[in-house]
Trainee: 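Quick one: structure below, then a few questions.
Side chains are part of it too, since the values below use all heavy atoms of this structure and drop only hydrogens, waters and symmetry mates. Owing to the predicted nature of the structure, the values given are computational and were not obtained by experimental measurement.
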Amino acid sequence: MHCFYLINAIPFAYALIVPLLYKKFNAKIHTGWFVLVVPLLVFLHLLTYIPPVAKGKIISFTLPWIPSYDINFTAYIDGLSLVFSLIIAGIGLLVTFYSIYYLSKQKEALHNFYIYLLLFMGSMLGLVFADNIYVLYVFWEITSITSFLLIAYWFEREKSRSGAQKSLLITIFGGLAMLSGFILLSLITGTHSIREMIVQAGMIQSHPLFIPSMLLVLLGAFTKSAQFPFSTWLPDAMEAPTPVSAYLHSATMVKAGIYLVARCTTIFGGVPEWFWLVSGTGLFTLLYGSINAVRQTDLKALLAYSTVGQLGLIMGLLGLGSAALYFDVVGEGVLYAIAVFAAIFHLVNHATFKGCLFMVIGIIDLETGTRDIKKLGGLLQLMPLSFLPALIGSFAMAGLPPFNGFLSKEMFFTAVLNASKMSIFHMGTWGNILALVAWVASVFTFVYCMIILLRTFGGRPKGYKLKKSHITPIAILIPPFILAALVIIIFFYPNALAKYLLQPAWQAVLPTKITLQQIEINAWHGLNVEFLMTIGVVVAGAFLYKTLERLYSIYRYYPKMLTLNNIYEFLLEKMEAVSLAITRRYMTGFVRDYLVYILGFVVLMIGGTAFLSGGISLSLSGDAPINFYELGLLVAMICSALTVLLARSRLTAVIAVGALGLLIAFLFVLFRAPDLALTQLVVETITTALFLLCFYHLPKLKKENSTIQFKAVNVLVSVGVGVVTTMLALSVRGNSLFKTISGFYENAYELAGAKNIVNAILVDFRGFDTMLEILVLSIAGLGVYALIKIHLVGRRENEANK
Amino acid sequence: MNNWVVLPIVMPVISGMIMVIFKNNIWLHRFLSLLTLGLIGIVSVLLLEQIETGGIQTLYLGGWQAPFGITLVADMFAVLLVLVGAVVTFCCLCYAFSSIEKDRERHYFYSLCLFLIAGVNGSFLTGDIFNLFVCFEVMLVASYVLISIGGTRIQLRESFKYILINMLSSTLFLVAIAYLYSLMGTLNLAHLSVRVADVGQGGVIAAVALLFLIVFSIKAGLFLFFWLPGSYGAAPTAIAAIFASLLTKVGIYAIIRLFSLVFYHEPAFTHQFIGILAGVTMVLGAMGAVAYWDIKRIITYNVVVGIGFILAGFASFTLVGMRGSMYYLLHDMIIKALIILLGGTIIHLTGTGRLRNMSGLIHLHPRLGWMFFIAALSLAGVPPLSGFPGKVFITAGTFEAGYFWLGGIGLFTSLLVLYSIMKIFMSVFWGYTNLAKDNEKGTAKGLLPSMAFLTVLTIALGLGVEGIHSYVDLAVEGLLNPQAYIGAVLGSGGY
């Protein structure tokens, strides 16, 4: 057993003992300190994989789970999973540290928090390492569930609950779509391993189920990574404690969709559908997210929309980069492949600067008690230390030097410009639109970055007072400072990062067709179009920021009805209302309706089948002729049956039923079955007598006041059932195909020593049936007894609505 | 010949009768009922081993050779259901010890439960279609009594509908048997299979097959489930749990048995029809589940969804799909019992079933809350719990058979299931608590262990699929391969 498994299992195992630690030590030591060990160990262990992976080695482990169905924990460590796992463990470490100061050990249910967090961490690691599609799905769903629990961590709040529910519904919906996409893929390829699917990529792309499976997998990725229009869950997820927002909802979980798209690029990429769907959705989401971020007044909501936008950016880059797979050889392909590199680079950068910003805003929230930019301002004087990471984070996000965001933003422009000149996939004029969208979105990104920074720290302090000088200890600033330092370090030494992490990841996304050369990242590459675009962004952004009030007034024109949130609410409400209406419509609670449904169904289906399949064949040739007595009995039976229907009093009806039974007994006599006739006579007499006894106590039969329609349906169904049953009985009689087994019983005397065959069948050949029928009678007897004798307290009460 | 086969039917009958004699000794009732169920469990485990090594086990009752006498047939499929049924009933009875009123207990509650089990086990184990009818009767009459015992107003109202509709379906069942006997001249399932294979399944035989399907659909709650939500809601919690866990499954079992052993020749007609019914059932059930804000209704409509989903896998009639149905069937027996017990406990504690009147229960009952959460996830087939393998395989099976719409409906309704059941969790357990410990309507004391056991079971079955896969696979192979069944019953020569 390799220690990799231990490392991967630690978060789960640790989650089990957290409640114990909490119980025992929390009074003295914050539970977070114990938890800190987990991400630290994982992170350190993962670091050891960097050198081999950087050399192009791929490491894989397999631990059996359900080997019989080829579902195993196959971990697959390549550049891509390594980058993700390092982010998961690294940010996890910082966030855990941050949470120790963020969440009070006196007031909060810390054990819950850390259990969820550890479960999330474990499954997120499992997700990025999993090679088996079903295992990937398992971890995928656990991340959705733990995210749900973490969003609703403060479950007393109505908003937390609805936010959690929304994220659960949307991400699980996507998960199910992804699962069905995976199932299709496994049907196409006959394997559950992503690696083996990649080998068969060509075959998959020519399969008729290719497009459906692609759409379904993308649905999973888009919902998880909050792409438009599924992005609506992410802003609501901000109800979670800030460490959670920083960790799950900006750095890791929301990037699971990105991971999936990157992983599947080789399977699906290289076709126009994938290219346009991924890049189109991504870039539109970028535009949508950044435009909407500007209008937010809650800082966390602003960051949520900015995350939506940034995720869109990365997604868009992956889409653009997939064009590289269209080409077989080195050359034009590499031109587009750069987009994938940019995507991975920006992913890392985003984790650093966004994590940093979230943490700072969490501190602001703690210190001032608000996140509303209308109430904030002038914090520079009050919280000078927090200003520094805020500055670095927001400038990096805005894409300014000397911060890492600048580098990836430039590469993004390069990728978009490359793509806009592309000759394939009907690019045409769309190319320029792509570039324009990228530029406009960047302008808005710049604007909201300035809002984050200047509306909080700039200006004069507003009417609030900081409760004490500082409620949070200075140590809470350590994680954001580390991230801020990373932002700057990456700017100055991007190529080290590229060599050891980005390049292998890049190679992992595009493994088969293209040989990728070393990429050199330079902050300055002359006065090219990309740089001019950046200058344009700054100028236009600064102008827009100056006229922010006017900008806000434009937003107000957008109808509230059409926000994604409202559409979601509307759909949910409508779903419940329509379901209720439909259910109420047919579940009337009247047994008569239910009988009509059932019998109507019988008539239609059985009658229909018998008729269509030519099953109805009325050959009476084999039947005995009907003589006078039988005919007479038949007429009498019909008459008494009609009497039952038309009788005005119960008494008449019961007597008519009795008469009907006696007439049947006569039929038995005519057909020389005296024992049956005798039984029938006894039963009929007793039941009629019982009926009469009971009815004596009942009120008079009221005249039915029912509509013609009601009666017509009754008549129709009754006649239908009668006709179908009779027709079928007659056809069955005419179609007997085999000799019955009853011949066997004729030797009853020899076999069972019984002179009466019927008796022998009842008590010997099929004695078990008889025994059970006796049981039925005894149960019925017990039931009647119990029903009469039992006297529950509050018997009249309606149990369901007690 | 293997006399073990009859024990799961006979043992509960005998114990039940003993209890009738010693009517007032409730402790004896409790002890005997648990003992009997435990023994059934042990017998079925032994049978599982015997079947795994020695193939399908049969018993010719009274020594009368098939097809003339009644044959009991224990194949993997049947015995797995017997086993899980015994385990679940065991838990439900333990729950009943602390939740059923003394008066109900004294009026043969445990006897009736055992009689019900006898009927259920008989239905699973019989190889004779008329005997199946008789076992159904045992089970149904016991259920009529159990549902009406106590005689509260809602019980009497709903049990009337329940009895009437089941009477109707029994009548149709009898008519269908008469038709079939008239056509085929035999009642033994294996013999029927041989004879139907001889003449094909066209014409009037198709109509008769469909009539059987309708009969069992009423019993199973497939499409014709109108009787189900009301009557299950009216019964006491423990009884409703047994019903939801077992009774509908017997109908499902009958459909699967008949349409894999006897009427399997025209899957394009019969199985596609089952698929359509399953799809409609899932949609209607899910609609009912999301429509209401009442615990009992939400849960009973979820029972309906599960029925459709199980049969969706069977309708695909592929190895993978049937395997999925098998896993899901076993899972569904456990999880439906569990969720009904949990729901009943909530109602017991709060005195209401309306979600809008509840809040914050997790402060007082964290264990109950987390069990409910796990059960809710399992119900929706969220991995790695027991619903997951079934869900994956059923979906894969329907896709493989080309019924993409059916698999899609299955997955989408599982989302609605999750929504409906999370609605309960969020309203009942989350939020500010509006209930102090002392103004609760009841206590959860004694109720938790049985639910905890079922919760553990649903986790273990999910993680430990590898442990049971050989049994499940044998069961599915048996269903896809009627010759094995026929050979075991009629001898290799056949008739």
Side-chain angles (χ1 to χ4, degrees), chain A residues 66 68 138 141 155-156 161 169 172-173 176 180 183-184 187 575-576 579-580 582-583 591 594 597-598 602 605-606 609-610 613-615 728 731-733 735-741 744 764-769 772-773 775-776 779-780 782-783 786-787 790 792 795-800 802, chain B residues 61-62 64 67-70 101 103 107-108 115 131 134 137-138 141-142 145 148-154 161 164 179 182-186 195 199 202-204 206-207 210-211 214 224 226 233 287-288 290-291 296 351 382-384 395-396 399-400 411 415 419 426 430-432 465-466 469:
Chain A
I66 318 174
S68 311
V138 169
E141 291 293 54
F155 57 73
E156 279 93 355
R161 292 200 300 272
L169 283 181
I172 296 272
F173 164 75
L176 290 170
S180 42
I183 290 174
L184 287 181
L187 283 181
M575 181 184 76
E576 285 198 357
S579 299
L580 188 64
I582 291 178
T583 309
V591 74
Y594 300 162
Y597 300 153
I598 292 173
V602 168
M605 287 301 141
I606 307 299
T609 314
S613 67
L728 211 57
S731 334
V732 157
R733 198 56 220 127
N735 276 315
S736 294
L737 304 159
F738 296 96
K739 241 179 76 179
T740 71
I741 51 168
F744 178 79
D764 197 342
F765 295 116
R766 301 189 68 92
F768 196 61
D769 279 346
L772 291 178
E773 284 295 358
L775 181 63
V776 168
I779 298 171
L782 290 178
L787 206 57
I790 204 164
L792 285 184
R795 163 174 174 157
R796 292 256 156 227
E797 259 183 74
N798 203 336
E799 281 213 339
K802 206 162 41 175
Chain B
L61 289 170
W64 300 111
F68 305 111
I70 296 170
E101 297 83 348
D103 229 13
H107 286 90
Y108 317 114
F115 294 148
N131 191 242
V134 176
E137 284 303 292
V138 173
V141 172
V145 181
S148 60
I149 194 172
T152 59
R153 182 176 290 180
I154 182 172
K161 291 175 205 166
L164 199 61
Y179 289 163
S182 184
L183 282 170
M184 293 294 152
T186 185
R195 289 191 165 180
V199 294
V204 69
L210 213 58
L211 187 56
I214 290 176
L224 303 168
F226 320 103
M287 282 181 140
V290 297
K296 280 196 174 178
V382 171
T395 313
F399 283 2
E400 198 181 317
L411 287 182
L415 181 72
Y419 169 71
M426 295 172 64
W430 281 353
Y432 291 105
V465 175
E466 187 68 18
H469 91 273

Trainee: Going from CD1 on A:Ile779 to CD on B:Glu137, what distance comes out if it is rounded to the nearest 0.5 angstrom?
Mentor: 10.0 Å
Trainee: If I compare all heavy atoms of B:Phe115 with all of A:Leu782, which pair ends up nearest, and what's the gap?
Mentor: CE1-CD1, 4.0 Å
Trainee: Please identify, among B:Val141, B:Ile70, B:Leu164, the residue contributing the most non-hydrogen atom pairs under 4.5 Å to chain A.
Mentor: B:Ile70
Trainee: Heavy-atom distances under 4.5 Å only: say whether B:Leu183 touches chain A with side chain, backbone, both or neither.
Mentor: both
Trainee: Just verifying a value: how many Å separate B:Tyr419 OH and A:Ile172 CD1, rounded to the nearest 0.5 Å?
Mentor: 15.0 Å
Trainee: Hey, is the main chain of B:Val134 close enough, under 3.5 Å, to the side chain of A:Glu773 for a donor-acceptor pair?
Mentor: no
Trainee: Quick one: pull up CZ in B:Phe399 and CG in A:Leu187 and give me the separation to the nearest 0.5 Å.
Mentor: 8.0 Å
Trainee: Of the backbone (N, CA, C, O) and the side chain (C-beta and beyond), which part of B:Ile214 lies under 4.5 Å from a heavy atom of chain A, both, or neither?
Mentor: side chain
Trainee: In terms of heavy-atom pairs under 4.5 Å, which option from B:Leu411, B:Leu211, B:Asn131, B:Leu61 contacts chain A the most?
Mentor: B:Asn131
Trainee: For B:Met287 and A:Ser579, work out which heavy atoms get closest and say how close.
Mentor: O-CB, 3.2 Å
Trainee: Among B:Pro383, B:Gly288, B:Gly202, which residue forms the greatest number of heavy-atom pairs with chain A at distances under 4.5 Å?
Mentor: B:Pro383
Trainee: Working to the nearest 0.5 angstrom, can you tell me the gap between B:Leu415 CG and A:Leu176 CG?
Mentor: 6.0 Å
Trainee: Specify the closest pair of heavy atoms between B:Val145 and A:Gly783, including all atoms of both residues, with the distance to one decimal.
Mentor: CG1-CA, 3.3 Å
Trainee: Does any backbone or side-chain atom of A:Ile606 lie under 4.5 Å from a heavy atom of chain B? Answer side chain, backbone, both or neither.
Mentor: both
Trainee: Search all heavy atoms of B:Val382 against all heavy atoms of A:Glu141 and return the closest pair with its distance.
Mentor: CG1-CB, 4.4 Å
Trainee: For B:Thr186 and A:Phe738, what are the C-alpha separation, side-chain angles and deciding distance, and is it a side chain to side chain contact (heavy atoms under 4.5 Å, CB included)?
Mentor: CA-CA 9 Å; B:Thr186 185; A:Phe738 296 96; over 6 Å; no
Trainee: Looking at CG of A:Leu787 and NE2 of B:His107, how far apart are the two atoms once the value is rounded to the nearest 0.5 Å?
Mentor: 10.0 Å
Trainee: Between A:Tyr594 and B:Phe226, what is the ring plane arrangement, given parallel below 30°, perpendicular above 60°, and tilted in between?
Mentor: parallel
Trainee: Against chain A, label B:Tyr108 side chain, backbone, both or neither, depending on which of its atoms sit under 4.5 Å from a heavy atom there.
Mentor: side chain
Trainee: Against chain B, label A:Ile582 side chain, backbone, both or neither, depending on which of its atoms sit under 4.5 Å from a heavy atom there.
Mentor: side chain
Trainee: What pair of heavy atoms forms the shortest contact from B:Pro67 to A:Ile741, and how long is it?
Mentor: O-CD1, 3.5 Å
Trainee: Taking all non-hydrogen atoms of both residues, which atom of B:Ala207 and which atom of A:Leu728 are closest, and how far apart?
Mentor: CB-CD1, 4.0 Å
